[in-house]
Amino acid sequence: MTMTTDDYEDASSAVGDFLRHSQTMCVTAAQLSVVTDIYDFLNGDEQRWEQRYGRGWSGDLRKACKRLCENVIRDEGWPSKIERKWRALCRNWSPPSRMNK
């Protein structure tokens, strides 16, 4: 069985905590991808959101989480963060060894 955010009782708290942490700790493209996935979740179907309100979510919390996502996504430092990570990966990369025929 695959769990979704809706299956997690403390999702609203966990998402908010993660996004607050991401303001300073989100430095890789993979981490940015998680934030954009959360942003898509927060902008999802309004009918489903009506069900989420009352399970820890509120309109204000949802708006606050959207703003946190936007802060991370719009960070002008992303090109340099990704470039630094890419350079580090390239420095540590070595081609696979070739087998002798």
Side-chain angles (χ1 to χ4, degrees):
M1 179 173 118
T2 302
M3 289 190 66
T4 68
T5 306
D6 290 325
D7 298 322
Y8 184 49
E9 185 177 337
D10 296 319
S12 60
S13 180
V15 168
D17 290 346
F18 175 82
L19 292 173
R20 281 185 290 285
H21 183 70
S22 293
Q23 302 301 293
T24 56
M25 301 305 292
C26 189
V27 296
T28 68
Q31 292 165 335
L32 176 60
S33 177
V34 172
V35 173
T36 60
D37 288 346
I38 292 171
Y39 190 68
D40 290 343
F41 165 78
L42 294 168
N43 285 302
D45 180 14
E46 288 302 318
Q47 188 173 24
R48 293 197 67 188
W49 275 99
E50 290 303 319
Q51 298 168 358
R52 291 177 183 131
Y53 297 140
R55 289 192 315 215
W57 287 99
S58 69
D60 288 341
L61 178 58
R62 183 180 175 200
K63 286 178 191 173
C65 286
K66 282 183 182 183
R67 280 193 304 276
L68 291 170
C69 287
E70 290 165 356
N71 291 342
V72 172
I73 293 166
R74 292 181 178 154
D75 181 347
E76 292 179 3
W78 275 112
S80 62
K81 289 178 188 178
I82 291 172
E83 182 180 357
R84 275 194 305 273
K85 185 67 173 176
W86 177 254
R87 288 183 188 276
L89 288 170
C90 289
R91 272 193 307 275
N92 296 324
W93 181 81
S94 61
S97 60
R98 294 183 180 233
M99 297 180 71
N100 293 330
K101 292 184 178 181

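Computation of the quantities below employed the complete heavy-atom set of this structure, encompassing side-chain atoms and omitting hydrogens, waters and symmetry-equivalent molecules. All residue numbers refer to positions in the sequence shown, counting from 1.
Judged as a side-chain hydrogen bond (donor to acceptor under 3.5 Å, both in side chains), and not counting sequence neighbours, R74 has no contacts. Partners of S33 according to the side-chain hydrogen bond (donor to acceptor under 3.5 Å, both in side chains) rule, which considers only residues two or more places apart in sequence or in another chain, do not exist here. For the salt bridge (charged side-chain N to carboxylate O under 4.0 Å, His left out) test, no residue two or more places apart in sequence or in another chain qualifies with E76. Checked against side-chain contact (heavy atoms from CB on, under 4.5 Å), S80 has the following partners two or more places apart in sequence or in another chain: R84. Residues that satisfy the salt bridge (charged side-chain N to carboxylate O under 4.0 Å, His left out) test with R91, not counting sequence neighbours, are absent from this structure. Scored by the side-chain hydrogen bond (donor to acceptor under 3.5 Å, both in side chains) test, K66 finds N43 as partners (sequence neighbours excluded). The side-chain contact (heavy atoms from CB on, under 4.5 Å) test applied to W78 returns C26, L32, V72, D75, K81, I82, not counting sequence neighbours. Every residue was checked against the side-chain hydrogen bond (donor to acceptor under 3.5 Å, both in side chains) condition with Q51, not counting sequence neighbours, and none meets it.
The distance from the OG1 atom of T4 to the CZ atom of R48 is 6.5 Å, given to the nearest 0.5 Å. To the nearest 0.5 Å, atom OG1 of residue T24 and atom CG of residue N71 are 12.0 Å apart. Between the NZ atom of K85 and the CD atom of E83 there is a distance of 14.0 Å, given to the nearest 0.5 Å.
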Please tabulate, one pair per line, all N/O donor-acceptor pairs under 3.5 Å involving side-chain atoms of residues 11-20, not counting sequence neighbours.
from, atom 1, to, atom 2, distance (Å)
S12, OG, G56, O, 3.0
D17, OD1, R20, NH2, 2.6
R20, NH1, G16, O, 3.3

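Hydrophobic cluster membership for Y8: none, as no Ile, Leu, Val, Met, Phe, Trp or Tyr side chain comes under 4.5 Å of it. Hydrophobic side-chain contacts under 4.5 Å tie M25 to no other Ile, Leu, Val, Met, Phe, Trp or Tyr residue.
Legend: salt bridge (charged side-chain N to carboxylate O under 4.0 Å, His left out) pairs involving residues 33-47, not counting sequence neighbours, sorted by first then second residue: E46-R62.
Residues R52 and W57 come closest through the heavy atom pair O-CB, 3.6 Å. Among all heavy-atom pairs drawn from F41 and T5, the shortest one is CZ-CG2, 3.6 Å.
Proximity of a side-chain donor or acceptor of Q31 to a complementary backbone N or O of V27 within less than 3.5 Å is detected.
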